[in-house]
Amino acid sequence: MHNVAITGTGVFTPSEVITNDELVAAFNSYADLWNAENAAAIDAGTVQAKTHSSSEFIVAASGIERRYVLDKEGVLDPARMFPRLATRSDDQPGYMAEIGVDAAQKALSAAGVDAADVDLVICAASNMERAYPAIAVEIQQLLSAGGFAFDMNVACSSATFGIQTAADMIRSGSIRRALVINPEICSAHLEWRDRDCHFIFGDVATATLLERDEDLDKPHFKVLSTRCATQFSNNIRNNNGYLRRTQDHMEDRRDMQFMQNGRKVFKEVLPLVSQHIADHMEHENIAATDLHRLWLHQANKTMNDYIGKKVLGRTPEPGEQPNILQDYANTSSAGSIIAFSKHSNDMKPGDKGLICSFGAGYSVGSVIVERA
Ligand code: COA
């Protein structure tokens, strides 16, 4: 069995930002337009008028202040409310491959590794731009990486599940190096016209480079242990799939985009995640006092505050459980990796931390690391 290390991470951040105020102004214009178009039915009482959204609600309910997106104009157009991402021809790089490559190159350069020395590329994300060929194989080619590549989807837990998959192959000796890449174009599966969730997501791509830990003479994090778990739930669901499309071709169906029962998710996922982390730490003989940092999935600030307190047995000190969701919103599987990438360089040799992502499935994955 070989030891495994994380030697580099990379984050691609889109250049366009939408603040809560901009988002709410667009949503409220859309709601006004819709109400005017449906005035007769609203007056007759057969449909309900749409109510306005508010920035104050968004910050109070989620902690989100803004989000990055690939296309701002399409999302904020009240007559559209959806990003404009032009279809790319088969000989152009896909969107996910393009942003995934950017993040991967940053991770490779942080680690001083040549793409040709990578044996495995995993594209792990909540949605894939196409069914096949795998996005990961396209990224492998664009990077000139070696070995093999495949896609995997475990929704918001895709990054940690990808890390465990790659780490297991490095441990067993079948590969030496792997890139786990999370290109999350959440703006394309969010229903921007739904007041209950229109503020939730943003776009980003992250990459994590894992290597066999054999006399590494560069900064790295030892991967001490990984653990994944799943339990079926319909409370976060997106029915968009090739069978559904065949049957209901042109319908504008709400269930073909991200749907959630946010309150239930909140209530059910908190105990699941807290217990998962407690079991993982107990199994590895790691006490709360041994943990210097928590890099949690970035969906909701109250949720993270609760989990941080439960895991550490006290309110986390500033910096112990860094949040990035105020700037990025929920970026699905990429969130905990953005937090890890941006808030880990200051850790000292011997300091331990825990990366944890959770979401649809339900699914939860945790990775315990130690600064070398
Ligand atoms: N603007 C203003 N008010 C809004 C609003 C908006 N955009 N959206 C909802 N409201 C109102 C509701 O109408 C409701 O009003 P009422 O009490 O008068 O009926 C009130 O705010 C509470 O709505 P609710 O949907 O229950 O909000 P919440 O406090 O549960 O927060 C979430 C919603 C989604 C932020 C929260 O449930 C959450 O984060 N859940 C977990 C999500 C998660 O982790 N998902 C994983 C995805 S990967």
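Indexing begins at 1, ligand by ligand and atom by atom, following the structure's order.
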Please verify the inter-ring angle class for Tyr68 with Tyr328; under 30° counts as parallel, over 60° as perpendicular, anything in between as tilted. tilted
Please list, in number order, the atoms of ligand 1 under 4.0 Å from a heavy atom of Asp196. 8 (N), 9 (C)
Protein heavy atoms: any of them under 4.0 Å from atom 5 (C) of ligand 1? yes
Please verify the inter-ring angle class for Phe201 with His189; under 30° counts as parallel, over 60° as perpendicular, anything in between as tilted. tilted
Could you tell me the residue and atom name of the protein heavy atom closest to atom 31 (O) of ligand 1, and the distance to it rounded to 0.1 Å? Ala61 CB, 3.8 Å
Strictly below 4.0 Å, N to O, side chains only: are Lys301 and Asp305 in salt-bridge contact? yes
When Ile139 is tested against each of Leu142, Leu143, Val137 for side-chain contact (heavy atoms from CB on, under 4.5 Å), which residue passes? Leu143
Using a 4.0 Å cutoff against the non-hydrogen atoms of Asn330, which atoms of ligand 1 qualify? 47 (C), 48 (S)
Below the 3.5 angstrom mark, is there an N/O of Ile236, backbone or side chain, next to an N/O of ligand 1? no
Take Val47 and Trp34, measure what side chain to side chain contact (heavy atoms under 4.5 Å, CB included) needs, and give me the verdict at the end. CA-CA 11 Å; Val47 296; Trp34 192 92; 4.2 Å; yes
Test: Arg293 and Asp346 ion pair at under 4.0 Å: yes
Under 4.0 Å from a heavy atom of Met303: which atoms of ligand 1 are those, numbered in the order shown and with their elements? 44 (O)
State whether the shortest distance between N or O atoms of Ser53 and N or O atoms of ligand 1 falls below 3.5 angstrom. yes
N-O pairing of Arg176 and Glu214 below 4.0 Å: yes
Is the NZ or CZ atom of Arg88 both under 6.0 Å from the centre of the six-membered ring of Tyr95 and within 45° of that ring's axis? yes
Under 3.5 Å, which donor-acceptor pairs link side chains of residues 364-372 to any protein atom two or more places apart or in another chain?
unit_1 : atom_1 : unit_2 : atom_2 : d
Ser366 : OG     : His276 : NE2    : 2.9
Ser366 : OG     : His280 : ND1    : 2.7

Does atom 17 (O) of ligand 1 have a protein heavy-atom neighbour under 4.0 Å away? no
Within less than 4.0 angstrom of ligand 1, does Gly262 place any heavy atom? yes
Test: side-chain hydrogen bond (donor to acceptor under 3.5 Å, both in side chains). Region: residues 137-154. Which pairs qualify, not counting sequence neighbours? Arg130-Glu138
Is the contact between Cys156 and ligand 1 made by the side chain, the backbone, both, or neither, using heavy atoms and a 4.0 Å cut-off? side chain
Among non-hydrogen protein atoms, atom 39 (O) of ligand 1 lies closest to Asn300 ND2, 2.7 Å
Lys352 with Glu284: basic N within carboxylate O range, under 4.0 Å: no
I need the atoms of ligand 1 closer than 4.0 Å to a non-hydrogen atom of Ala299, numbered in the order shown. 44 (O)
For ligand 1, which atoms have a heavy atom of Val265 less than 4.0 angstrom away? 43 (C), 44 (O), 45 (N)
Quick note on ligand 1: atoms under 4.0 Å from a heavy atom of Gln260 include exactly 34 (C), 42 (C), 43 (C), 45 (N), 46 (C), 47 (C)
Do me a favour and list the nearest non-hydrogen protein atom to atom 1 (N) of ligand 1 with residue, atom name and distance? Ser54 N, 3.2 Å
Candidate with minimal heavy-atom separation from atom 28 (P) of ligand 1, of His198, Lys267, Arg263, Arg195: Arg263
Quiz question for you: does at least one protein heavy atom lie closer than 4.0 Å to atom 21 (O) of ligand 1? yes
among protein heavy atoms, the one nearest atom 8 (N) of ligand 1 is Phe57 CE2, 3.3 Å
